[in-house]
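Notes follow the structure.
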Amino acid sequence: MPKKKGRLDFIRMKAEKEQVAWVTAYDFPTAQFAEAAEMDMILVGDSLGMCTLGYSGTIPVTMDECISHCQAVRRGAPNTFVIGDMPFGSYQINNSGAVANAVRFLKEAHMDAIKLEGGLRTAQALKSIADAGILAMGHIGLTPQSSGPLGGFKAQGLDPASARYVIEDAIAVQDAGAYALLIEAVPPELCAFIAAKLTIPVYSIGAGGPCDGQLLISSDMLGIFQSFTPKFVKVYAQVGKEITAAFREYVKDVHSGVFPDDEHSYHIRKGMEDEYLKMLKEYE
Ligand code: KIV
């Protein structure tokens, strides 16, 4: 079992240009699979709203839902660096509320760090959380919680003017005391520029390389989330199709009486069959 990584490992990996591989997980089994695969870290993203809870977006996700899923992931991956994602409304109202909610991720779900969206506009909340001694990761570029104002799930920083906003956000996140930054859905040139400019590790989801590591949503890369697959996702398995095929086979077997068979049944203790059937007859 490899040693659990921490912030200093991620700083060293950036210095030595060693890439960090991480995925989202929302439940116990996925966390176990990620840890067995020696994933460098795991994000319990608020994408759990769409990927696991069936919401149409991340806005309805609550703190209690995040905590519950973080707890399940922590049970499945006790030796992996796990980040809890702060849901919409948990850090926007005021800074003390943001700190209180970040503290819940550590105390109730044993997370190693938290992540929150926004650059300049949420830098004060990030600073308050970091000042409280909590490892906080910023998330800029396409930020799903504000996809409404951003005009939908759209790539960001495609032209010089909007790239400037992304750079300003990145600087604000580092200045606020974040230990790392995640950039979503911007051109690789912009992400690579920011990764080279900042001293903290900079990770990409849909922002190409080279930077300091890559994140993918597990439900996307495993072919589980059916509604849509973003352009940047490489699909590594069709687990959803496998599950549907297995369920279909099971329905067929039950309907036709093939299942359950002798192999999948418990048997009366040997030598007691007659006595057993006689006893059953008493109740006829
Ligand atoms: O919630 C999540 O999984 C995320 C990713 C989209 C980066 O924040």
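In what follows, residues are counted from 1 in the order of the sequence shown. As the structure lists them, so they are numbered: ligands from 1, and atoms in each ligand from 1.
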Fill in: Qualifying side chain to side chain donor-acceptor pair (under 3.5 Å) pairs, either residue in residues 56-69, two or more places apart
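Every side chain to side chain donor-acceptor pair (under 3.5 Å) pair that includes a residue of residues 56-69, provided the two are not neighbours, is Tyr55-Glu65, Thr62-Glu65, Asp64-Arg104.
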
Worksheet entry | Pairs meeting criterion side chain to side chain donor-acceptor pair (under 3.5 Å) with involvement of residues 149-171, two or more places apart |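 Listed once each, the pairs are Asp159-Ser162.
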
Fill in: Check: Met39 and Val23 side chains under 4.5 Å, non-hydrogen atoms
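Val23 vs Met39: side chains touch.
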
Worksheet item: Can you find a heavy atom in the side chain of Tyr203 that is under 4.5 Å from one in the side chain of Cys211?
Response: no

Show me, pair by pair, the donor-acceptor contacts under 3.5 angstrom made by side chains of residues 266-284, not counting sequence neighbours?
residue: His267; atom: NE2; partner: Asp262; partner atom: O; Å: 3.4
residue: His267; atom: NE2; partner: Asp262; partner atom: OD1; Å: 3.0
residue: Glu273; atom: OE1; partner: Gly271; partner atom: N; Å: 3.0

Worksheet item: Any Lys/Arg nitrogen of Lys17 or Asp212 sitting under 4.0 Å from an Asp/Glu carboxylate oxygen of the other?
Response: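 Salt bridge between Lys17 and Asp212, a charged N being under 4.0 Å from a carboxylate O: no.
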
Show me the short polar-atom pairs for ligand 1: any N or O of it lying under 3.5 Å from a protein N or O, with distances only.
residue: ligand 1; atom: 1 (O); partner: Asp46; partner atom: N; Å: 3.0
residue: ligand 1; atom: 1 (O); partner: Asp46; partner atom: OD1; Å: 2.8
residue: ligand 1; atom: 1 (O); partner: Ser47; partner atom: N; Å: 2.9
residue: ligand 1; atom: 1 (O); partner: Ser47; partner atom: OG; Å: 3.3
residue: ligand 1; atom: 1 (O); partner: Asp85; partner atom: OD2; Å: 3.0
residue: ligand 1; atom: 3 (O); partner: Ser47; partner atom: OG; Å: 2.5
residue: ligand 1; atom: 8 (O); partner: Asp85; partner atom: OD2; Å: 3.3
residue: ligand 1; atom: 8 (O); partner: Lys115; partner atom: NZ; Å: 2.8

